[in-house]
Amino acid sequence: MKDAKFSTKSIWAGEKEQLAFGATQVPVVHSVSFGYDDMDEWYEVAVGNKPGHIYGRNTNPTVQAFEEKIRILENAEAATSFSTGMAAISNTLGTLLFPGDRVVSIKDTYGGTNKIFTEFLPKQQVEVVLCETGDHEALEAEVAKGCKVLYLESPTNPTVKITDIKRMAAAGKAVGATVVVDNTFATPVNQNPLDLGADLVIHSATKFLGGHADALGGAVCGRKGLVEAIYHYREINGATLDPMAAYLLLRGMKTLKLRVEQQNKNAAAIAEHLKSFDLVEEVFYPGLPSHPNHQIAKQQMKGFGGMLSFAVKGGVATVRDLLPKLQFANRAANLGSVETVVGPSRTTSHVECTPEERAAMGIPEGLIRYSAGIEDIEDLKNDLSQAFQSLHTYVKK
């Protein structure tokens, strides 16, 4: 398996050990508990001296297959899973940070993550410093003052800003910080933060990993000792991945490379197409040469991802009129699915934030997040064209 290519790993990795009864697919094991006639064997499994399972909140065969697959795809020593992406983020930060600690991050993290930084961690007497995303000098200066955790997200949700992971990982390690990177937008197809020096990589598996908008889940991959500590925090706090969700995520990951490569192509084409509409003020996509950190993205990413965003003139009023006119896009709070998904940040990534908080993060109220699906690109381009054209007709009337 070590020498296999990515697509082969995404299909085969982690599954053989969990097959049973001659099945070619990992079974969904719904059993909450796992029984033992031999009391000594039960004890050895319970304390971790022998492989096996004792209780579903701790481990499960279907879930274990998912964890092993993402571990291999991210080139990690270990991986553990969670009920959602936010559970992965909150459990990781809960494991690593204690009162009196200091965490450095960026202003443009996902809205739920930002709330942890601005609302929850300060209540626990954790010092939080948020720097301008892309200002590497400011980040380095704050990290140099000392911190327990350096938390990054690249590309960011929803403005797809880029941080130089290798450069920041070096800064973090210089002060003994644990470097954490949310890799949800990039996916392991496009980017491997551990190979760039990060200690931990986080995924909302709900998004691109699953790819079909039918299963919630999260994952953390990285150094064995760190992952084991996070697993222990999760097994006690209980944010366990459901076996049926794990099965759906496993199934979705088999086509991960095929889907993401098509989404990369579609997003790049849509980003270029959007530049032709006069109602579009700005397009945000790291694959565009005009992106402020395009060169960094080229260095650390194999592809630029299926996510982009764009700001429209007229703000919320234009968003309200434009989005319902799209025929090939779900207007929903999700991303990374096989079908195109659109929505403003005020109802998706940063719904928890006030307009003032979004403005402080550089997110205009007229920003639209566009998750490119795997549809035929001409249909997607024509769909946007007719939507903008009908909006012009409406305005003229």
Side-chain angles (χ1 to χ4, degrees), residues 106-111 113-114 131-136 152-165 182-187 190-191 207-208 260 263-301 303-316 318-319 322-323 326 329 331 333-336 340-351 353 355 357-373 377 380-381 384 387-388:
I106 55 177
K107 290 183 178 179
D108 288 85
T109 52
Y110 169 65
T113 309
N114 182 266
C131 300
E132 290 294 337
T133 309
D135 188 340
H136 295 86
L152 306 172
E153 183 180 305
S154 186
T156 59
N157 182 358
T159 51
V160 290
K161 293 180 181 178
I162 300 295
T163 297
D164 189 328
I165 297 172
D182 185 333
N183 201 37
T184 298
F185 266 27
T187 81
N190 291 324
Q191 181 173 271
K207 311 304 191 297
F208 288 98
V260 169
Q263 288 165 314
N264 288 347
K265 293 176 183 177
N266 282 357
I270 291 300
E272 287 289 348
H273 187 57
L274 283 166
K275 290 159 59 178
S276 66
F277 301 114
D278 57 12
L279 277 177
V280 175
E281 286 186 322
E282 191 171 4
V283 180
F284 305 92
Y285 185 63
L288 293 174
S290 58
H291 190 284
N293 290 124
H294 174 66
Q295 290 303 318
I296 295 174
K298 283 180 67 176
Q299 292 168 13
Q300 68 188 24
M301 301 180 74
F304 297 112
M307 290 298 307
L308 63 122
S309 58
F310 59 100
V312 292
K313 298 175 183 176
V316 175
T318 302
V319 173
L322 176 69
L323 294 191
L326 292 173
R331 287 156 289 277
N334 191 34
L335 60 93
T340 294
V341 185
V342 298
S345 295
R346 64 198 294 267
T347 59
T348 57
S349 63
H350 288 71
V351 66
C353 303
E357 288 172 331
R358 288 191 289 270
M361 289 181 273
I363 302 172
E365 294 300 280
L367 187 78
I368 296 172
R369 191 176 69 176
Y370 189 102
S371 174
I377 188 56
L380 294 180
K381 289 166 67 175
L384 279 165
F388 275 105

J.: Show, in sequence, the C-alpha distance, side-chain angles and deciding distance for Asp182 and Leu152, and conclude whether the side chain to side chain contact (heavy atoms under 4.5 Å, CB included) test is met.
T.: CA-CA 6 Å; Asp182 185 333; Leu152 306 172; over 6 Å; no
J.: Drop me the distance from Asn190's CG to Asn264's CG, to the nearest 0.5 angstrom.
T.: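 If we round to the nearest 0.5 Å, Asn190:CG and Asn264:CG are 4.0 Å apart.
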J.: Using distance alone, with no hydrogens and no angle criterion, decide if Asp108 and Thr156 have a side-chain donor and acceptor under 3.5 Å apart.
T.: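 Result is no, nothing qualifies.
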J.: Distance check, rounded to the nearest 0.5 Å: Phe185 atom CZ versus Phe208 atom CZ?
T.: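 The distance works out to 7.0 Å.
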J.: Contact between Ser154 and Gln300 at the side-chain level, heavy atoms closer than 4.5 Å - yes or no?
T.: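 Touching, per the 4.5 Å side-chain cut-off.
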J.: Is any side-chain heavy atom of Asn293 closer than 4.5 Å to one of Pro286?
T.: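 No, their side chains stay 4.5 Å or more apart.
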J.: First locate atom OG of Ser290, then atom NZ of Lys275, and finally report the distance between them rounded to the nearest 0.5 Å.
T.: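 Answer rounded to 0.5 Å: 5.5 Å.
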J.: Below 4.5 Å, heavy atoms only, C-beta onward: do Ile270 and Lys381 meet side chain to side chain?
T.: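 Side chain of Ile270 against side chain of Lys381, heavy atoms only: contact under 4.5 Å found.
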J.: Are any non-hydrogen side-chain atoms of Val342 and Arg369 less than 4.5 angstrom apart?
T.: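 Side-chain contact under 4.5 Å: no.
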J.: Counting N and O atoms only, with roles assigned by atom type, does the side chain of His273 sit under 3.5 Å from a partner on the main chain of Leu384, one being a donor and the other an acceptor?
T.: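 Between the backbone of Leu384 and the side chain of His273 there is no qualifying donor-acceptor contact (under 3.5 Å).
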J.: If we ignore hydrogens and angles and just use 3.5 Å, is the side chain of Tyr285 paired with the main-chain N or O of Gly305 as donor and acceptor?
T.: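 Judged by distance alone, yes, a pair lies under 3.5 Å.
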J.: Do side-chain atoms of Ser371 reach the backbone of Gly336 as a donor and acceptor pair under 3.5 angstrom?
T.: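 A pair under 3.5 Å: yes.
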J.: Calculate, to the nearest 0.5 Å, the distance between atoms CG and CD belonging to Leu288 and Glu282 respectively.
T.: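 The distance works out to 10.0 Å.
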J.: Is the centre of the Phe304 ring less than 6.0 Å from the centre of the His294 ring?
T.: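 Ring-ring flag for Phe304/His294: true, centres closer than 6.0 Å.
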J.: Donor-acceptor pair, Gln263 side chain versus Ala267 backbone, under 3.5 Å?
T.: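 No; judged by distance alone, with no hydrogens or angles, the pair does not exist.
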J.: Looking at side-chain heavy atoms only, is the closest gap between Asp164 and Ile296 below 4.5 Å?
T.: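 The answer is yes, as the side chains (C-beta and beyond) meet within the 4.5 Å cut-off.
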J.: Compare all side-chain heavy atoms of Leu274 with those of Phe388 and state whether any distance is below 4.5 angstrom.
T.: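 In contact.
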J.: Does the side chain of Met307 come within less than 4.5 Å of Tyr370's, by heavy atoms?
T.: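 Side chain of Tyr370 against side chain of Met307, heavy atoms only: no contact under 4.5 Å found.
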J.: Has Asn266 got a side-chain atom pairing as donor or acceptor with Ala372's backbone, closer than 3.5 angstrom?
T.: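 No, the answer is negative, given that no donor and acceptor are paired below the 3.5 Å cut-off.
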J.: Nearest 0.5 angstrom please: Leu322 CG to Arg331 CZ, how far?
T.: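 Interatomic distance, Leu322 CG to Arg331 CZ, rounded to 0.5 Å: 9.5 Å.
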J.: Atom NZ in Lys107, atom OG1 in Thr159: separation rounded to 0.5 Å?
T.: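 That separation rounds to 12.5 Å.
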J.: Taking the side chain as everything from C-beta on, heavy atoms only, tell me whether Lys265 gets closer than 4.5 Å to Ile377.
T.: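 Not in contact.
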